[in-house]
Each structure stands twice: as C-alpha cells, then as structure tokens.
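By convention in this document, chain letters (A, B, ...) are assigned in the order of the sequence lines, proteins followed by strands, and residues within each chain are numbered from 1. A quick note: this is a predicted structure, and the numbers were derived from the prediction, not measured.
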2 protein chains.
Amino acid sequence: MNIECHNIIDNQMSVFSVLNQEEKELLKKNSTCTYYKKNDIIYKEGDKPSGLICLSKGKVKIFKEGVGGREQIVRMAKPVGFIGYRALFAEQNYLASAEAIEDCVICTIEKETLYKILSTNSELSFSIIRSLASELGFSNNRTVTLTQKHIRGRLAESLLFLKDTYGIEDDEATIKVYLSREDIANLSNMTTSNAIRTLSTFASEKIIALDGRKIKILDLKGLERISELG
Amino acid sequence: MNIECHNIIDNQMSVFSVLNQEEKELLKKNSTCTYYKKNDIIYKEGDKPSGLICLSKGKVKIFKEGVGGREQIVRMAKPVGFIGYRALFAEQNYLASAEAIEDCVICTIEKETLYKILSTNSELSFSIIRSLASELGFSNNRTVTLTQKHIRGRLAESLLFLKDTYGIEDDEATIKVYLSREDIANLSNMTTSNAIRTLSTFASEKIIALDGRKIKILDLKGLERISELG
DNA sequence: ATAAAAATATGTTAAAAAACATACAAATGT
DNA sequence: ACATTTGTATGTTTTTTAACATATTTTTAT
C-alpha cells in the first residue's frame with residue numbers, strides 16, 4: 001500500500017535520482033506511508049525525529065512558537081520535498097512544528113537505512129549539503145527582510161514567495177495556495193488585523209484581487225517594487 | 001609559512017579529526033594562509049567563494065546589507081571555525097559579507113581538494129551536514145526572536161549569545177569580545193541609539209556594568225529572564 | 001599637539017505597528 | 001434551521017521604536 005513512497009523514490013526530480021536500483025529498493029522496503037487530513041499536526045516542536053519525512057502530496061507549513069505563543073511560519077513545504085530533515089541531520093529534537101494545510105500523503109524513510117545509504121553514496125550527501133546550505137541562505141535572508149521591511153514590503157514579499165513556491169493557477173494570476181489571513185500574517189511577521197488591512201489596501205490599489213482565500217496577482221511588477229523598497 | 005593552516009588541520013577539535021594522515025597532508029598542501037587586520041573585509045556579498053575559509057585566529061562578523069544599507073549581523077565566527085562555507089556548499093555567490101573585528105589569521109582550503117576528500121570520506125560529509133543543520137536551526141530561531149522580542153529582550157539575548165560564543169574573561173564576568181555599540185545594534189536589530197540607551201538602562205539596573213566597550217555581566221539570571229520574556 | 005572624524009550619550013518628535021474594540025460574514029455542529 | 005464558533009473586516013488608541021537633534025567624549029590622522 002505504500003505505492004506513493006515508491007513513486008517518490010523513483011521520481012527523477014527527487015534527490016534519490018542519484019541512487020542505484022539496489023539502493024532504491026532498500027529505501028522502499030524501509031519506508032512507510034501515512035495520510036494526514038488538513039489541519040493535522042505532523043510533528044510538534046520538541047518531538048524526536050524518527051526518520052526522513054518526504055511530502056508526496058499536499059502542502060505543509062513549518063512554524064515556531066515565539067513570544068507569548070505567537071506563531072512564525074519559517075517554511076512552506078510542497079511535494080516532492082522533505083520536512084523535518086533539519087532536526088534529523090542536526091541530531092536534535094524538532095525546533096519547529098509541521099501542520100498539513102491540505103490533505104497530505106507522507107512517506108517516512110527509516111533513519112538507519114538512510115544513514116547506511118548516505119555512508120556509501122557521496123552524491124546523496126552532496127545533495128543534502130546543497131539543500132541545507134541553500135535553505136540556510138534563505139533563512140538568513142528572511143531574518144533580514146522580516147526585521148527590516150515595513151508591513152507592506154513584508155506582505156508583498158510573502159505573496160511573491162507563495163507564488164514562487166506553489167506557482168499559479170491556470171488563470172496565470174491566482175496563487176496556488178489557499179491560506180487563512182492568520183497564516184499569511186504568521187508568515188509575514190504581522191498581526192492578523194494588519195494582514196487583512198494591508199491585503200485590502202493592495203486590493204484597493206489594484207495590485208491584487210481578493211476572493212475569499214483566493215489571491216490574484218494583478219500587478220506583479222508593482223508587487224515586486226513594494227517588496228524591494230521594503 | 002602556512003604553519004597556522006597545518007595547526008588547524010591537525011587540531012583534534014576540528015572537523016578534520018576524522019581524516020587520515022594522507023588526507024590531512026593533501027589538505028595542507030592545497031591550503032594557503034592569509035592575514036587580515038581589524039576592520040578588513042574578508043569577502044563581500046556577491047563575491048564568488050574560492051575555497052573553504054577557516055578562521056585560525058581572531059574574530060569575524062558575518063553580516064548582510066538590508067533595506068537602505070542597514071546592516072544585520074547574521075553570525076559571529078570564532079577560531080577554529082569556518083566562514084563562508086554556506087555559499088561554497090550551496091554553489092552560490094556569497095549572500096553576506098565577512099569582516100575581521102580583530103586581527104585574523106585565515107586558512108583557505110582549495111575547493112577541488114576539499115571536494116575530492118568529501119567524495120571519499122563520508123564522515124566529513126556527515127560533519128558538514130550536522131553543522132549546516134545546526135546553523136539552520138539557529139538561524140530560524142533568530143528569525144523568530146529578532147522579530148518578536150522587544151528591544152530589551154533582543155539586547156539581552158545578544159549579550160548572552162556573545163557570552164556563549166566567545167566566553168568570559170578571567171574576572172568571570174566580562175564578555176570576551178569588544179564590539180562597537182553600532183555592531184551590538186546591528187546584531188540585535190535595533191538602531192545604535194537604542195542599543196546605547198538600552199545598555200545604559202541595563203547598567204543603571206545593575207544587570208551589567210559598562211566600561212568603554214567592556215561589558216561585564218553582573219546579573220546573569222536577570223539577563224536570562226529579560227531575554228526569555230522578550 | 002591639534003584638528004577632524006568617529007563613537008558614545010541622551011533628550012525630543014514622529015512614524016509604524018500592535019493592541020483593543022466592535023461588527024459582520026462564513027463555516028460548522030447539533 | 002439555528003446557534004455557536006471561527007474567520008474576516010475596519011476603526012481607534014496605545015505602545016514601541018525609529019528618526020532626528022545635539023552634546024560630549026574618544027580615536028585617528030596629520
């Protein structure tokens with residue numbers, strides 16, 4: 001029944017493409033498939049990682065609880081991608097929580113098997129090094145933009161980030177992810193009120209169009225300008 | 001003349017301790033030693049990494065230029081430690097700049113040699129994976145604290161961070177790094193004025209004592225409390 | 001030794017964003 | 001179908017922090 005796991009491991013786009021057939025078979029034998037409903041918690045801050053979690057279907061938010069329980073989204077995951085691998089490789093407990101924002105299919109690769117393959121396959125190690133290094137660059141960047149940009153700049157950046165991460169619908173304008181205003185706020189380091197207010201302002205300026213949780217980007221250049229100016 | 005490089009590579013505390021003698025010799029042959037004066041730029045945002053830079057002596061700040069040229073320090077390096085390895089491993093140009101805050105001795109390991117050893121030594125790859133993963137956790141944490149904590153909390157956290165990173169002098173109280181108020185501000189996401197003001201307030205509350213750039217921690221528990229409360 | 005520049009200190013004002021309040025709409029459960 | 005909860009919207013007040021102004025001290029360069 002873990003056909004979804006097999007698909008990931010065989011996927012040409014995944015980091016596993018550098019493995020030989022034997023290694024792939026070993027991974028498949030030592031991975032399990034799990035299903036999550038929208039709003040389900042996949043893991044919580046403080047939990048111990050049990051394996052490498054691979055997102056096969058659905059979308060996931062990774063967030064930290066900050067001062068007074070205030071939530072900050074540090075990453076948005078999409079298929080095919082890993083979640084929770086930072087803690088696994090740092091040999092730490094999770095420092096953030098993961099929650100499904102859509103129904104999800106997840107494949108968990110057993111830790112020992114992964115390490116066995118890693119110890120013989122330097123290509124896979126390189127891939128992981130590259131991924132971690134890229135994400136660290138992204139995180140350092142976010143630290144600066146979330147602290148230095150003003151509300152409009154932060155929101156504009158978040159909208160562009162969501163568009164780049166999840167792409168757009170067939171209408172060539174609607175961001176392909178449907179977040180609550182609260183999640184948008186938690187992604188952009190602002191209160192829900194300010195997210196709602198600023199989205200409304202953007203809509204009144206014809207930079208975006210709002211229809212419930214649907215966000216349509218009407219003026220991409222304008223949005224980029226707001227994001228850059230801060 | 002690159003005896004300092006040799007010392008690093010032979011150092012039992014460095015990640016190179018997992019290498020065999022032959023690998024260590026190869027590294028030594030393909031590394032160069034450079035000296036930097038206080039305030040010298042080691043590399044700039046946008047530069048291309050040429051090798052793995054290892055800090056043998058001195059202290060270095062890693063910072064990014066943000067909105068309107070406003071500086072944010074993302075990391076403080078100490079010996080023996082790497083700098084600029086994120087960009088190297090991500091195969092990107094530097095996303096931050098590095099500047100000596102003391103006279104420094106630096107050892108640069110040639111990229112090709114490093115990769116050759118990495119491809120045969122999975123232990124070294126693991127070390128690098130672990131380091132990057134730890135630092136990513138640290139960075140995500142900073143994103144949250146710098147955005148959510150108030151000025152006093154951010155400054156308290158920075159002082160504790162400096163103490164943990166560089167240790168304390170023989171008096172068991174003075175933080176073993178001497179930064180300008182501007183650097184402290186750039187580390188803590190605040191203006192120089194506010195760093196000076198808040199340091200003065202801490203001093204008047206007998207939490208710290210100030211003597212030029214010397215910062216003495218008088219009430220560690222108090223400082224921790226301020227940092228945690230935000 | 002002295003001028004110039006840089007760093008530190010502190011008070012005042014202005015801007016940004018959070019907190020708070022309230023209303024309304026939409027989704028959910030019974 | 002209705003009540004309850006959750007999410008969205010918007011106006012007002014308060015807090016926080018940046019921006020600005022101006023001394024004073026320290027460092028650096030000549």
Exercise for the section: For nucleotides 9-16 of chain D, just jot down a letter per nucleotide in 5' to 3' order: B, S or -, based on protein non-hydrogen atoms under 4.0 Å. Expected result: BBBB---S
Is [X] salt-bridged to [Y], going by a charged N under 4.0 Å from an acidic O?
X: Glu157(A); Y: Lys149(A); answer: yes
X: Glu228(A); Y: Arg225(A); answer: no
X: Arg130(A); Y: Glu91(B); answer: yes
X: Lys206(A); Y: Asp219(A); answer: no
X: Lys216(B); Y: Glu172(B); answer: no

Touch check for [X], heavy atoms < 4.0 angstrom, all strands: base, sugar-phosphate only, or nothing?
X: Asp183(A); answer: nothing
X: Arg213(A); answer: sugar-phosphate
X: Arg152(B); answer: nothing

Problem - Output field: ring centroids Phe161(B)/Phe138(B) closer than 6.0 Å - result: yes
Handout entry: Validation row, ring centre Tyr43(B) to ring centre Tyr36(B) under 6.0 Å
Key = no
Practice task
Find the distance Glu182(B):CD to dT27(D):C1' and express it as a whole number of Å.
Solution key: 15 Å
Practice task
Can you tell me the distance, in whole Å, between the CG atom of Asn189(B) and the P atom of dT17(D)?
Solution key: 10 Å
Fill in the blank from the handout: If each end axis of the helix from dA1(C)-dT30(D) to dT30(C)-dA1(D) is fitted on five C1' pair positions, the angle between them, to 10 degrees, is 50°
Exercise for the section: Give every residue pair that meets the salt bridge (charged side-chain N to carboxylate O under 4.0 Å, His left out) criterion with at least one member in residues 93-105 of chain B, sequence neighbours excluded. Expected result: Lys37(B)-Asp103(B), Lys59(B)-Glu102(B)
Exercise for the section: Check every nucleotide of DNA chain C for an atom under 4.0 Å from a heavy-atom of chain A, then give the first and the last such nucleotide from 5' to 3'. Expected result: dA16(C) to dC20(C)
Handout entry: Counterpart residues, side-chain hydrogen bond (donor to acceptor under 3.5 Å, both in side chains), relative to Arg75(B) (two or more places apart)
Key = Glu135(B)
Fill in the blank from the handout: Sorted by chain and residue number, the side-chain hydrogen bond (donor to acceptor under 3.5 Å, both in side chains) partners of Lys163(B) (sequence neighbours excluded) come out as none
Exercise for the section: Decide yes or no on salt bridge (Lys or Arg N to Asp or Glu O under 4.0 Å) for Glu71(A) and Lys61(A), but give the supporting numbers first. Expected result: CA-CA 11 Å; Glu71(A) 188 174 300; Lys61(A) 66 169 176 181; 3.1 Å; yes
